[in-house]
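Every chain is numbered from 1, with letters handed out A, B, ... down the list of sequences. Everything quoted here is computed from the prediction, not taken from an experiment.
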Amino acid sequence: MRIATWNVNSLNARLQRVEEWLEYAQPDVLCMQETKMSDEAFPALDYAALGYDTIHVGQGQWNGVAILSRVGVENVYTNFADGQPPDEEARLVTADCGGVTITCVYVPNGRSPDHDHFQYKLAWLDRLYDHLNEVSSPDQDVIITGDFNIAPEDIDVWDPKVLEGATHGTVEERGKLERLLDWGLIDIFRQCHDADGLFSWWDYRGGSFHKREGMRIDLVLGSKSVADATRFALIDRNARKGKLPSDHTPVLIDVDRAA
DNA sequence: ATGGTCGTCCAACGA
């Protein structure tokens, strides 16, 4: 079973790139973030024609997450299941796909460490922890994947100096991520690759992609059973090349399963 | 050689 995540930075702007990628990468599940689209505009029929069931959680021009699956979509949650008032932004969707409880997340960016949005980000990550406990347990097949807007370690950034005074690598953010890992999750790409310089996002500005100046902020976290069954993990840099790319590129894993 | 912000929508602002 092949599971992928991709922040598409506007699905409308990326329709063709996504369809091309589905056809050659053949994921069984694709989690998308930043669709920036209403549910009415989501091209569910186009994906159905390619064999995918879909669930989209959109709010119009900002945020928006989706799961495409050709191994089923069951037990859907379109917001936190922590019993608190729903998050007003479309940043989370959970579904069981092929026996795996998959949560697709678009973690708030944080903007800057002294911004209110940074506190929203930290609180959001605590809610994600509670959500995971509500919808799953670490002894099951669990995946949480998406744009975390956190670089787990300094080797996940082209130059750690850019993290000074900025978001994405603070002690607070990494602490929240560590808490998720301590729940019983493994950073599957990092389990498969120990090299530095392996990134999933590059700024559009200044030719960052060609200078290899990026960050690994798109993560696939899996429970132990998923991690043990993973054959390999890959960042598809090719999807960041060519015409009209997203600033993020897909990350995928292959897991040994019946599907 | 490659590519030089982009996407939301027309003014900035978010990423």
- Message: Parallel, tilted or perpendicular, judged at 30° and 60°: which one describes the rings of Phe209(A) and Trp202(A)?
- Response: perpendicular

- Item | C1' atoms of dT8(B) and dG3(B), separation to the nearest Å | 24 Å

- Query: Within 45° of the ring axis of Tyr106(A) and under 6.0 Å from its six-membered ring centre, is that where the NZ or CZ of Arg91(A) lies?
  - Reply: yes

- Message: Please evaluate residues Val57(A) and Thr35(A) with respect to the criterion side chain to side chain contact (heavy atoms under 4.5 Å, CB included), reporting the C-alpha separation (whole Å), side-chain torsions for both, the decisive distance (0.1 Å), and the verdict.
- Response: CA-CA 9 Å; Val57(A) 180; Thr35(A) 61; over 6 Å; no

- Could you give the start and end, 5' to 3', of the contact zone on DNA chain B for chain A, using atoms under 4.0 Å from its heavy atoms? dT2(B) to dA15(B)

- Message: With rounding to the nearest 0.5 angstrom, report the CG to CG distance, Leu128(A) to Asp87(A).
- Response: 11.0 Å

- Assign each of Gly110(A) and Gly206(A) to its nearest nucleotide of DNA chain B by heavy atoms, then name whichever residue's nucleotide is nearer the 5' end. Gly206(A)

- Message: A quick test of your reading: do over 12 heavy atoms of other residues, nucleotides or ligands sit less than 6.0 Å from CG of Asp182(A)?
- Response: yes

- First encountered from the 5' end of DNA chain B, between Ala13(A) and Glu34(A): Ala13(A)

- Item | dT5(B) versus dC9(B) - spacing of their P atoms, nearest Å | 23 Å

- Query: Are the aromatic rings of Phe118(A) and His115(A) close, with centres under 6.0 Å apart?
  - Reply: no

